[in-house]
Engineer: 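My structure is below; once you've seen it, I'll send some questions.
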Amino acid sequence: MTTTSPQILLSMEHITKSFAGTPALRDSSLVVREGEVHALIGQNGAGKSTLLKILTGAYRKDTGSIAFAGREVNFKTPLESQQGGIATIYQEVNLVLKRSVSENILLGREPKKFGMIDWKEMHRQASQILQDMGIALDVTRPLQDYSIATQQMVSIARAISMKARLVVMDEPTSSLDEQEVETLFAVIRKLKQENVGVIFVSHYLDELYAISDHITVMRDGKTVHSGPIRSISKFELVAKMLGREIGEVERQGRTGFHKKNTTGQEELLTVKDLKRGNKLKGVNLTVKKGEILGVAGLLGSGRTETARALFGADPTDAGALSWKRQPIRLRSPREAIRLGMGFCSEDRKEEGIIPHLSVRENLTLALLPRISRLGVIDPQAQQKIIDKFIQRLGIKCSSPEQPIRELSGGNQQKVLLARWLCMNPDLLILDEPTRGIDVGAKAEIQNLISELAEDGLTVLMISSELEELTEGCQRVMVLRDGETVGELSGKNLSEKRIMHAMAGTEGAAHAGQ
Amino acid sequence: ADTGLPKLAKKATYKVGFAQTESNNPWRIAQTQSMQDEAKKLGWQLVYTDAQGSAAKQVADVRSMIAQKVDAIFLSPREEKPLAPVILEAKKAGIPVFLIDRNVDQSLAKAGNDYVTFIGSNFIQEGQRVGQWIAKKTNGKANIIELEGTTGSSPANDRKKGFDDVIAKNPGMKILASQTGDFSRDKGRQVMETLLQAHPEVDVVYAHNDEMAIGAIAALEAAGRKPGKDVLVLSIDGGREAVQLVVDGKIAYVVECNPKFGPKAYSTLKDYAAGKKINAKIINPDREFHSANAAKLLPSAY
Amino acid sequence: MTTMPSKTTDPGRIWKQLSQQGVLIALVLLMVFGGLRYEGFITEYNLESFLRYNAMFGLIALGMTFVIITGGIDLSVGSVVALASVVAAKVSGQGALLGFLIPVLVGAGVGAINAGLITRGRIAPFIVTLATLLGARGLALLVSGNQSVSAEYTGNFIQIGQGDFLGFPIPAWMMVVAFLIGIFVLSSTQFGRYTLSIGDNEDAARLMGLPVDRTKFWVYVLSGALSGMAGVVLASQFGAGQPTEGVGWELTAIAAVVVGGTLLTGGVGTVWGTFFGVLLLGMIFNVLNFENGKGVISLSVYWQSVIRGMFLLLVVILQSRLTRKSSTS
Amino acid sequence: MLDSKTMKPKNTPPKPKMDWKLFLQQYGGLLALLVLFVFNAIFTPNFLSMQTLNINLTQVATIVIVGVGMTLVIATGGIDLSVGSLMAIAGALAPMIFMSDGLKDNPLGILLAFVLPVLAAAALGLFNGLLVSKFELQPIIATLVLFIAGRGIAQVLTNGNLQTFSNPSFQYIGLGKVLGLPFQVILMVLIVALAAWVMRRTVLGRSILSVGGNEKAARLSGIPAQRVKYAVYAISGLLAGIAGLITIAINSASDANQVGQNMELDAIAAVAVGGTLLEGGKATIVGTLIGALIIQLIRFTLLAKGVPDSVALIVKAGIIVGAVALQRSRRA
Ligand SMILES: Nc1ncnc2c1ncn2[C@@H]1O[C@H](COP(=O)(O)OP(=O)(O)OP(=O)(O)O)[C@@H](O)[C@H]1O
Ligand SMILES: Nc1ncnc2c1ncn2[C@@H]1O[C@H](COP(=O)(O)OP(=O)(O)OP(=O)(O)O)[C@@H](O)[C@H]1O
Ligand SMILES: [Mg+2]
Ligand SMILES: [Mg+2]
């Protein structure tokens with residue numbers, strides 16, 4: 001280190017932590033300076049979230065020491081760390097959804113008048129905080145009325161408005177689109193100016209390079225590298241993360257997709273003029289057999305709503321669906337599954353995992369009717385599937401009997417993907433399939449999706465990562481305000497074009513960033 | 001002498017209230033039935049409420065009768081003290097009250113002064129009678145299991161108290177165990193089964209009501225004991241089924257506690273309306289059943 | 001699903017208001033029905049004695065509302081009422097003040113035990129309070145020696161339950177004041193916000209740095225203290241501490257809370273909804289008593305149970321329909 | 001990297017303690033049962049006898065049978081308060097059938113007396129399921145309806161009167177013995193074994209757990225969540241019906257006021273003491289059996305030792321909390 005480096009703000013040394021005898025952190029250290037944006041990276045399950053939760057008092061460490069702002073600390077609850085000057089955005093959006101946006105931002109710091117909560121002032125302050133970030137919301141509405149991305153922004157607003165000395169962000173961008181990521185970065189830069197330290201976890205290398213000064217790499221519960229981000233290349237970084245040779249990493253492409261040139265011709269699923277409340281105002285799309293159809297759109301454009309409607313998860317007001325050229329009406333996911341569809345939700349925690357059940361039970365949940373006779377599950381058939389998919393997707397778990405809630409976020413996602421892949425469906429609807437997945441696993445999953453598509457699987461993929469869409473898909477549908485506004489394919493399929501279509505600025509294509 | 005009791009006009013038919021405490025055992029059901037049947041026979045209107053085992057609700061029930069301006073109230077008070085204030089309220093509203101089968105605390109409301117009279121049995125005496133019979137039959141030497149009524153209820157407390165009075169005078173009579181059987185057959189049986197394991201030397205079972213006694217007999221028989229021979233079973237109430245068991249020799253002795261209050265209650269009301277003098281306490285002439293008289297009295301058991 | 005929430009009129013608000021009046025509408029209809037049908041129904045005497053009796057349910061249901069909003073439950077309330085009434089009777093000779101305070105503290109103590117086992121012991125509220133339901137009952141019987149305990153009649157203690165203030169029964173005053181404070185606390189204090197937030201998502205509340213355990217502690221203590229207060233009313237109104245009273249009251253309280261529009265899953269609820277819920281459920285008993293007095297159909301107590309069950313079902317279904325409509329728009 | 005600074009020693013939990021906790025969590029119930037058993041064997045006279053074993057098993061049978069249904073309901077995140085009332089209804093119906101004029105002393109009457117009441121209880125369970133899934137009422141309130149009205153129905157059916165009878169073929173369910181073992185005990189074991197198997201090996205079992213664990217996710221995975229709920233409440237009702245028949249059979253009498261009184265509390269306590277999470281998503285049938293046995297042994301011990309009712313209640317409270325605390329899931 002150079003001698004002029006600013007004051008050390010946080011120093012975590014030799015932290016260890018086991019869950020029920022299974023080590024999650026073996027020896028992790030993390031040093032953050034004032035005014036520094038410190039990136040923390042590592043594969044799924046490397047222990048990033050665990051380390052941060054220990055810092056904020058959500059978990060207790062087994063051994064090791066933590067010093068913050070020059071004092072030895074040992075926060076026992078998130079409240080203590082918050083009072084100590086650390087604001088945190090946790091990995092899973094963790095807010096109280098039934099309460100209003102302003103309460104979510106200001107809970108615990110409500111403005112008061114005569115001992116009573118001053119609601120007017122509270123809404124004003126909340127609006128102000130959001131406005132400073134460039135967001136306009138009706139702050140009096142319950143948070144559950146807003147999309148997961150908005151919820152994430154609210155959670156960010158809450159954290160940065162705490163005037164903390166250290167802001168911890170565990171994968172804050174996983175559900176944000178590019179514009180919002182820009183907003184967030186602007187906020188982070190402002191924090192930096194105010195000499196606040198920021199810990200930033202993300203699986204997007206580009207983001208890390210764009211915003212951070214310093215980087216710490218974790219692998220298997222250990223800190224394996226720490227240094228200025230400028231002095232390490234992406235390949236080196238990935239190599240360190242995965243514990244592989246650099247040459248091996250360099251051989252891989254940008255994403256794990258390998259695009260095939262032939263697109264499907266036969267129509268598999270067609271939707272005409274799909275309507276639902278004020279969310280969907282006319283969605284039209286056709287999925288062809290064997291293709292990977294991308295769906296792009298800004299936050300709240302209706303992508304998730306479309307996917308849910310196609311899968312029979314929500315009732316619709318209008319719209320004609322046909323499956324293999326036969327008109328259909330879907331009243332429940334069960335019917336969609338029978339037809340041969342699968343749907344992997346974007347909200348892993350709320351709509352994906354069954355926390356207490358094991359990896360095995362989670363993985364085979366949708367498959368049950370097929371591996372059972374007269375309602376009795378065939379254990380051998382089940383075991384075969386389990387072994388195959390745990391291996392194929394490289395799911396990291398102590399055994400198939402481990403409860404899924406104990407897996408890292410990325411590994412949970414892999415189990416959920418496996419839940420549908422093992423069904424061998426005709427059409428798989430993936431809503432943000434690689435959200436929160438580390439680069440290694442992401443490439444694997446993308447690779448897998450490509451392979452399956454080559455074997456005849458049809459995929460409808462919603463993604464906020466434009467790179468993923470352009471690299472992986474033959475065609476991309478663009479939604480805006482609940483309507484199909486365009487279809488891009490072949491030469492027209494570029495990130496820029498998607499972006500303009502999403503934002504409704506096709507005409508000004510050249511003016512883009 | 002003027003007692004300050006509300007007057008009752010002489011009428012052909014009355015609208016009377018009956019505030020029952022609960023309806024979860026055969027005895028209470030028989031009592032309600034008797035009150036209803038007799039009212040029907042007389043052509044009176046009966047306002048019937050059920051407190052479902054809650055003294056507080058019973059007070060509310062009586063108050064709703066006062067609000068409905070019934071001519072008179074028959075009350076079977078769940079508790080001695082809690083029901084006293086509402087008796088005074090009825091008096092203030094000019095409604096005469098007749099207590100049946102249980103009394104209230106005399107320091108709070110006086111019979112013949114605040115309410116007309118108490119018609120019923122003496123629970124303490126019932127316990128004493130059972131105790132005395134045992135003392136006589138066993139020459140004061142007995143190993144006893146007592147099955148108590150619902151914990152905290154006044155018949156359970158009084159039937160225990162009366163029994164204990166006798167025990168205190170007979171050092172040879174030993175209570176091996178005394179546990180609640182909740183006045184119910186099922187619970188009585190279960191408790192008896194268990195106690196029988198812990199105290200096989202038992203030779204007398206005293207149950208606070210018929211139901212528990214019948215349960216205890218089932219338990220004894222299942223354990224290969226002969227009720228009536230190696231173990232004497234005694235109970236209180238004297239329902240038809242229990243008296244039949246006396247005839248069969250399985251129950252040794254039953255003190256009657258007859259729930260058929262209807263005729264007595266209404267005739268007392270008529271006497272009162274007619275201006276006759278009513279005693280402050282009318283104790284039912286309760287019989288007893290044993291091997292010598294059971295067969296003869298069986299048809300008259302309730 | 002309605003089509004769109006327009007910004008200007010905010011139909012969500014209006015629906016919400018309407019829905020919570022579901023219970024109020026039912027209450028008013030029932031009272032109008034009673035008033036038209038029965039002589040002596042709408043009289044000062046009947047209404048006052050109705051309030052005097054139902055004040056006890058009001059107090060425990062108020063505490064239950066807070067507990068349920070945090071996503072918990074308190075099954076011990078009925079037993080705590082019994083225990084507190086026994087204690088109240090025992091100390092009633094010391095006058096109204098101590099006769100009031102000591103039982104309330106005893107109730108709060110049981111609440112604190114509940115809270116400790118729930119927050120520190122991390123045992124589900126249902127189990128903890130199921131255990132204290134048994135334990136407090138046992139204690140009540142033990143302290144009272146299985147019998148009702150006479151309260152002191154000469155002092156001012158019994159005035160608490162039997163007296164009037166400004167021509168209105170004191171227990172009813174206690175209930176009304178407690179509810180006004182409850183409404184204020186839930187809607188306008190930080191404690192109220194914490195209560196709602198914890199019920200919505202406890203993990204999130206913890207991670208947001210809210211004092212989850214402390215809030216839950218006070219909520220259960222509050223429920224215990226209010227049950228203790230109900231015990232004081234019981235002992236003073238009926239002149240005796242009753243160890244066997246209060247059986248099943250927890251279910252009545254829970255029903256009143258739910259009828260009032262509070263969700264058992266936590267995070268959503270109003271205090272005034274509970275208030276009308278208590279009155280509505282109490283009014284059913286009152287109406288049934290009067291109906292029996294009509295002599296048209298003399299309902300056995302058994303039929304009364306059936307009718308009460310069905311009425312509860314009706315109101316709850318109505319209520320849930322209305323709340324659902326309001327929350328989806 | 002290893003062995004660096006000295007750390008605060010109190011931050012270093014001794015390894016074996018962790019394992020000990022895990023052990024308690026898994027086998028705490030069994031351990032508690034064992035302790036109770038050994039205690040009784042030493043201090044309660046005549047405890048180690050076939051008779052005592054039989055008594056305890058027959059007394060616990062109904063709680064276990066109802067508890068199994070309750071476990072399934074709780075596993076879906078619900079609760080069933082109506083079980084006691086459903087027992088009373090089944091118990092009220094059976095004698096009305098086999099003592100009715102047409103069917104007296106008729107094998108068909110006995111058959112119907114078994115089948116119809118149990119079906120009626122199952123149908124009412126289905127009604128609970130309807131309220132919970134279709135009407136989306138909270139389980140406590142939904143089942144509170146039948147808790148109140150159900151007993152009323154049973155009482156209306158019998159007009160509150162006791163129905164006494166003596167009918168050996170019907171009463172076989174409560175009094176019969178197979179190879180010296182009470183029939184109801186065998187029934188209990190069969191039901192426990194069947195339910196445990198269902199939970200482990202069948203689609204229904206898996207569906208129950210997934211609906212309790214995360215209903216949204218289960219629905220999206222094609223699990224028919226509504227049907228699963230219908231099923232568990234119907235099963236709970238059905239088992240309550242069977243328990244009702246056993247109860248009246250032993251007593252040679254059906255008392256609509258008493259049959260199944262407080263059964264919901266006993267069953268829920270057994271489920272909780274057995275280690276099933278009340279919030280759903282997890283279930284152990286064998287745990288419920290152990291839980292019920294623990295509660296039964298406590299009751300037996302307290303009775304045999306002559307502990308007064310009031311003290312017994314307090315002890316029971318302590319043991320419920322203690323047993324659950326022993327097995328509660330850890331937190332990081
Ligand atoms: N509550 C828990 N109980 C048991 N094991 C846990 C728990 N939380 C985390 N783990 C385990 O600890 C390890 C580290 O998990 P952690 O969530 O910290 O990973 P991560 O680096 O944040 O991964 P991701 O990038 O997927 O979020 C994983 O193996 C995980 O299974
Ligand atoms: N009123 C609401 N209540 C609950 N959830 C809602 C509500 N409105 C929207 N959501 C959820 O918010 C998410 C966003 O929905 P939508 O389909 O409009 O956006 P999107 O294009 O999928 O955006 P993104 O996926 O980037 O959040 C969906 O999961 C949807 O179910
Ligand atoms: Mg993480
Ligand atoms: Mg989406």
Side-chain angles (χ1 to χ4, degrees), chain A residues 53 56-58 75 77-84 86-100 103-119 122 138 140-145 151 155 158-159 162 170 275-279 314-317 349-350, chain C residues 1-13 15-16 69-71 119-120 181 183-216 261-263 265-270 323-324 326-329:
Chain A
K53 283 191 173 169
T56 65
F75 300 123
T77 61
L79 177 59
E80 283 182 22
S81 69
Q82 199 171 298
Q83 285 163 344
I86 300 178
T88 313
I89 300 154
Y90 292 92
Q91 181 168 7
E92 310 290 344
V93 181
N94 256 303
L95 295 164
V96 284
L97 297 179
K98 286 184 193 134
R99 306 257 59 83
S100 67
E103 282 168 86
N104 272 285
I105 294 176
L106 290 167
L107 259 176
R109 300 175 289 149
E110 298 88 344
K112 280 179 228 143
K113 210 157 82 183
F114 315 119
M116 292 165 63
I117 292 174
D118 183 350
W119 284 102
M122 180 141 143
D138 179 355
T140 61
R141 296 191 66 129
L143 191 60
Q144 65 190 3
D145 288 0
Q151 293 172 9
S155 144
R158 173 178 173 84
M162 298 233 184
D170 194 353
K275 287 193 176 127
R276 169 172 163 76
N278 61 341
K279 294 272 182 183
D314 292 331
T316 52
D317 303 334
K349 193 173 161 193
E350 287 289 318
Chain C
M1 262 234 162
T2 54
T3 18
M4 56 175 52
S6 86
K7 294 260 153 58
T8 42
T9 50
D10 196 2
R13 267 253 150 71
W15 256 121
K16 204 156 239 166
I69 288 176
T70 65
T119 59
R120 284 287 149 83
I181 295 173
I183 289 171
F184 169 76
V185 168
L186 189 65
S187 64
S188 303
T189 68
Q190 206 171 32
F191 179 77
R193 293 297 103 187
Y194 290 169
T195 306
L196 284 158
S197 302
I198 289 167
D200 189 355
N201 186 341
E202 188 174 326
D203 281 337
R206 209 180 287 278
L207 290 178
M208 285 168 93
L210 306 188
V212 173
D213 286 355
R214 199 189 330 144
T215 307
K216 287 215 282 191
T262 296
L263 291 188
T265 38
V268 178
T270 67
T323 5
R324 194 152 323 134
S326 76
S327 69
T328 50
S329 73

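Per chain, numbering begins at 1; letters A, B, ... match sequence-line order.
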Engineer: Please answer whether the main-chain N or O of C/Gly267 pairs with a side-chain N or O of A/Arg99 as donor and acceptor at a distance below 3.5 Å.
Structural biologist: yes
Engineer: Looking at every heavy atom in both C/Asp200 and A/Val96, which two are closest together, and how far apart are they?
Structural biologist: OD2-C, 3.0 Å
Engineer: So how far is it from C/Arg214 CZ to A/Leu79 CG, rounded to the nearest 0.5 Å?
Structural biologist: 7.0 Å
Engineer: Which bit of A/Asp118 comes within less than 4.5 Å of chain C, counting heavy atoms only: side chain, backbone, both or neither?
Structural biologist: neither
Engineer: Go through C/Leu196, C/Val212, C/Val185 and name the one with the most non-hydrogen pairs under 4.5 angstrom from chain A.
Structural biologist: C/Leu196
Engineer: At what distance, to the nearest 0.5 angstrom, does CG of A/Asn104 lie from OG of C/Ser197?
Structural biologist: 7.0 Å
Engineer: Side chains of A/Leu95 and C/Met208, heavy atoms from C-beta outward: is any pair under 4.5 Å?
Structural biologist: yes
Engineer: Checking heavy atoms, do the side chain of A/Glu110, its backbone, both or neither come under 4.5 Å from chain C?
Structural biologist: both
Engineer: Looking at C/Ala205, C/Gly192, C/Pro211, C/Ser188, which makes the most heavy-atom pairs under 4.5 Å with chain A?
Structural biologist: C/Ser188
Engineer: Return the NZ to CG distance between A/Lys53 and C/Leu207, rounded to the nearest 0.5 Å.
Structural biologist: 6.0 Å
Engineer: What's the verdict on salt bridge (Lys or Arg N to Asp or Glu O under 4.0 Å) for C/Arg193 and A/Glu103, showing C-alpha distance, side-chain angles and the deciding distance?
Structural biologist: CA-CA 8 Å; C/Arg193 293 297 103 187; A/Glu103 282 168 86; 2.7 Å; yes
Engineer: Any sub-3.5 Å donor-acceptor pair from C/Gln190's side-chain atoms to A/Gly108's backbone N or O?
Structural biologist: yes
